[in-house]
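Below is one structure, written out as C-alpha cells, with a few remarks after it.
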Amino acid sequence: MADNARAKRLADLIREVVAKKLQRGIKDPRLGTHVTITDTRVTGDLREATVFYTVYGDDEDRAAAAAGLESAKGVLRSAVGAAAGVKFTPSLAFVADALPDNAKAIEDLLDRARQSDEKVREVSAGAEFAGGADPYRKPEDESDVEDEDETDGDARA
C-alpha cells in the first residue's frame, strides 16, 4: 500500500500528462480545446486513477468528448506509464466533473434569494416597529431604579 503523498504526486503527474497529451498529442476533433482536466484521484494501491474533466459546450459536445476520451484511453495510459515510471501503470477512468453544474445551481439559488430579499425590502419600506423604536422598558423616575436595586440584592442573598 502506497502512502498518501505518493498517491497525490502520481495524481498530479497524471493530470499534467493527460492535459498535455490532450492538448498536443491527440488528433481527435472531439477532444479539441473544449476539454479541461480539473482533478485526478488515485487509489491507495496506485492501480486505478479517476480523471475528472469538464467540457465547454452543450450536451452534444459533452457526449462527443466522453466518447473521444474513452477511445483515447489506451494512448493516454501509455503516456502516463512512460512519464510515471511506476511498476504498474494505473488504469484510467474518465468522469465528467459536476462542479460547473453545481456552481450554476448555487448561482440560481443565490439569485432567487436576492430576489426574495428585494421583495422583503420593498414590503418593509414603510413599516414601523410594533412596540416603538425602542422595545425595552425603562424606569421612569429614580424611585423605580432604587426598587429594582433592592430586589436584585435580595435575590443574591
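Heavy atoms only: backbone and side chains are in, while hydrogens, waters and symmetry mates are out.
Atom CG in Asn4 sits 11.0 Å away from atom CZ in Arg9 (nearest 0.5 Å). Separating the OG atom in Ser116 from the CG atom in Asp111 is a distance of 12.5 Å, to the nearest 0.5 Å.
Electrostatic pairing of Lys119 and Asp117 does not count as a salt bridge here, judged by no charged N lying under 4.0 Å from a carboxylate O. The pair Lys104-Glu107 does not count as a salt bridge, with every side-chain nitrogen at least 4.0 angstrom from each carboxylate oxygen. Between Arg121 and Glu118 a salt bridge is recorded (basic side-chain N to carboxylate O distance below 4.0 Å).
When side chains are defined from C-beta on, Ile37 counts as touching Leu22, because their heavy atoms get closer than 4.5 Å.
Across Ala49 and Val42, no two heavy atoms sit closer than the pair CB-CG2, 4.1 Å. Considering every non-hydrogen atom in both Phe94 and Leu69, the closest pair reads CE1-O, 3.8 Å.
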Side-chain donor/acceptor pairs under 3.5 Å, residues 11-21, sequence neighbours excluded:
residue, atom, partner, partner atom, Å
Asp12, OD1, Lys8, NZ, 3.3
Asp12, OD1, Arg15, NH1, 3.3

Which side-chain N or O atoms in residues 74-92 pair as donor and acceptor under 3.5 Å with protein atoms at least two apart or in another chain?
residue, atom, partner, partner atom, Å
Arg77, NE, Thr89, O, 3.4
Arg77, NE, Pro90, O, 3.1
Arg77, NH2, Thr89, O, 2.6
Ser78, OG, Gly74, O, 3.0

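Among the candidates Thr36, Asp97, Thr40, the single residue satisfying the side-chain contact (heavy atoms from CB on, under 4.5 Å) test with Phe52 is Asp97.
Among residues at least two apart or in separate chains, salt bridge (charged side-chain N to carboxylate O under 4.0 Å, His left out) pairs with a member in residues 56-68 are Asp59-Arg62.
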